[in-house]
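Just below is one structure, and these are the notes that go with it.
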Amino acid sequence: MKQPKNVKDISRGDGPLSSVEIRDQIPLPPPFDKLEDEPAIRPLAKDVCEKFVVVDDTIAVGIPKPKTKEEEEKLVNGFLDGLRKCFNAADNWTFLQPLMMSMEHCAKCQTCNEACHIYEESGHNELYRPTFRSEIVRRIYHKYIKKHSTWVHGDIDLNWKTVARLIELAYRCNLCRRCAQTCPIGVDNALLAREIRKVASQEMGIVPREIHDDGSMLQLKVGSSTGMNDIVVKDNIEFIDEDTAERTGIPIKTPWDVEGADILLIHNAGEIMAWPENPGAFATVFQAAGLSWTLSSDHAAYDGINYGVWYDDVQFARVAIKHAQAAARLGVKRIVLGECGHAHKALTVIADKVLTGGLKIPVESAFTVLHEIVKSGKIKFDKSRNDFPVTLHDPCNVVRLMGIVTPQREVIKAVVPEHRFREMAPHGCENYCCGGGSGFAIMSGRNFSDWRHHLTGRRKFRQILEAFQGEEMDKEHPKYVCAPCSNCKGQIRDIIKYYDAWEKAGISYGGLVELMVNAMVDAKPGFIDWEWH
Amino acid sequence: MPEFKVGDRVLDIDEDGFIQKPEVWDEEVAKALSKTEGVEQMSENHWKLVNYLRQYYLEYGVAPMIRKLCKATGFKLNEIYELFPSGPAKGACKVAGLPKPTGCV
């Protein structure tokens, strides 16, 4: 395994600083326990390595190597200008306090390292140690911004390689904040990774295409990151209503733009495009429970995504305001977020603290709404329809970040036979990220998905396999990974495909509300379609 | 930007091999793209999928929902994977000259 020896290596030499060998990784549980049978991380093409800055086995951002002295200086100065703004209250009032705390108070105890799934699954490669990246930022801050002695805080050379590699490295973290949770002081390495991404985007215009150009920019232009405008989304929802009704025997009509409704439901539009059974199941359950609810066809309000959460405060604010405005225009009592983790973080955790006046509208998670529905007794469930092993993934942004642990479990308790439910270890707020967090689930350029499956998604796949040990690991015995978040779902779909885990072990996946409809007494049996994925 | 040769033409593609200008697409381009997706010979079924995707894209400016694609063409999802091993979004859409799917899909 190739790895850096010292944080100062970030500024030195050419080419990648690290490379992960599959033979150094921890074998997965059976039936995927032979390291030699694992698909390899495809090498980057030679011309790509010549053209772009490479820090390890893959490329997430794709920063072209500077060709002139001016271009080199532009990287360094741009980064330093941006970083300075991060420490200025007028420019960064939202995140200044936790940033200062993380910058000034790390005791360098390294307790956080073992909390990081990427570091652990890499075979403890130094490059992925959560404090590796943070230590570089810290040294740059002390030396170049605070002008402190390098004798106290450690030296670092800020050249174009430091900057370009650091930006790439900011996209080797899922922003799951498990390290911050473990830290006795609360130092947040994920926040630091995001601040680097933010400087790169807001100050230098350096962004991964999938989350910026094809993500938040497309959402602001067309109305959704999927490219659906309001006409297409209405057409698709009409199709979903019909398709769902065919499968359940329960006619549904998804309401649009109902003024004064209690609930504005905002889905991640990826659900509408790729997992239509999820919005179909929501409509079925909400209608059966007699809720007063609506979708909004306002620009960007039918897509709950807000990719700015991962990399850019300005993009974040633009989208968050659109969501709040749509709710204000309809005069709804509250916004309910569908099964999308980062949408929860965007509206309930961040926007809730910064929006004021008429835009301050209560926001609630779908998990608690679904739990209320179950408790109300308005829908009769037959648990025996979900007579298969079920495990539950806890999306970081809903569970660790917001502490919503019990409602989704109560829902499962109401619709799945008790002896069929298997908790992952660990779970709840101690959970591991699916591996798709911070935008990774939608990033697949070049060989990035290979790297993602071997490094970031491996721990979750390991947990899934461990949860199902003791079951018949074949297709004749289907097993369900409940992943109530769009990004998590996409990541889990991809890793199931990567290891052929449906064919080889009968592992499939889906959301939470689908399990409810699958157990509804009033619906035709067999809502979950195992062969579909 | 990487390039892709089709006969005498040189087309811009992204790092995943999707053509960047959907309007330059024609049957010759589709055949050339299908080879990059492990499809040696475009059969009638391949064309049925590709033509539906193409038509939908021209009308709506976006790829159709996968379930809609299945319903409209009569193919099951696994049959689409048999035709295009990387699947409907990354395989069939690429051959049909659509841009790479975007958002959380």
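Every chain is numbered from 1 and lettered A, B, ... according to where its sequence line falls, protein lines coming before strand lines. Owing to the predicted nature of the structure, the values given are computational and were not obtained by experimental measurement.
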* To do: Can you tell which part of A:Glu242 gets under 4.5 Å to a heavy atom of chain B, answering side chain, backbone, both or neither?
  => neither
* Asked: So does B:Glu23 have more than 12 non-hydrogen atoms from other groups sitting under 6.0 Å from CD?
  -> yes
* B:Cys104 vs A:Lys489, side chain to side chain contact (heavy atoms under 4.5 Å, CB included): CA-CA, chis, key distance, verdict -> CA-CA 9 Å; B:Cys104 298; A:Lys489 229 190 252 180; over 6 Å; no
* Quick one: what part of A:Asn487 sits under 4.5 Å from any heavy atom of chain B, side chain, backbone, both or neither? -> side chain
* With no hydrogens and no angle check, is any side-chain donor or acceptor of A:Thr226 less than 3.5 Å from a backbone partner on B:Gly103? -> no
* **From A:Trp275 atom CH2 to B:Ile66 atom CD1, the distance as rounded to the nearest 0.5 Å** => 8.5 Å
* **Heavy atoms of other groups near A:Ile231 CD1, more than 12 under 6.0 Å** => no
* Asked: Would you say B:Asp16 and A:Phe448 make side-chain contact, with heavy atoms under 4.5 Å?
  -> no
* To do: Please look at A:Asp235 and chain B and tell me whether the side chain, the backbone, both or neither of the residue comes under 4.5 angstrom of a heavy atom of that chain.
  => both
* Take atom CE of A:Met217 as the centre, draw a 6.0 Å sphere, and report whether it contains more than 12 heavy atoms from other residues, nucleotides or ligands. => no
* What do the steps show when you test A:Val232 against B:Tyr56 for side chain to side chain contact (heavy atoms under 4.5 Å, CB included), and what is the final call? -> CA-CA 11 Å; A:Val232 177; B:Tyr56 189 96; 4.0 Å; yes
* To do: Identify which part of B:Pro64 has an atom lying under 4.5 Å from any heavy atom of chain A, answering side chain, backbone, both or neither.
  => backbone
* Asked: OG/A:Ser449 to NZ/B:Lys90 distance, rounded to the nearest 0.5 angstrom?
  -> 6.5 Å
* Structure fact -> Whatever's closer than 4.5 Å to a heavy atom in chain B on A:Ser444 counts as both
* Would you say A:Lys221 has more than 12 foreign heavy atoms packed within less than 6.0 Å of its NZ? -> no
* Structure fact -> Ranked by heavy-atom pairs below 4.5 Å to chain B, first place among A:Glu271, A:Met228, A:Arg209 goes to A:Arg209
* Decide, yes or no, whether a salt bridge links A:Asp243 with B:Lys68 under the criterion of side-chain N to carboxylate O below 4.0 Å. => no
* Spatial distance of atom NZ (B:Lys100) from atom CD (A:Glu210) [nearest 0.5 Å] -> 4.5 Å
* Asked: When rounded to the nearest 0.5 angstrom, what distance separates OG1 in B:Thr102 from CE in A:Met273?
  -> 7.5 Å
* **Per-residue contact mode, A:Ile240 against chain B (heavy atom under 4.5 angstrom)** => side chain
* Option in B:Lys76, B:Met65, B:Arg67, B:Lys71 with maximal non-hydrogen atom pairs under 4.5 Å from chain A -> B:Arg67
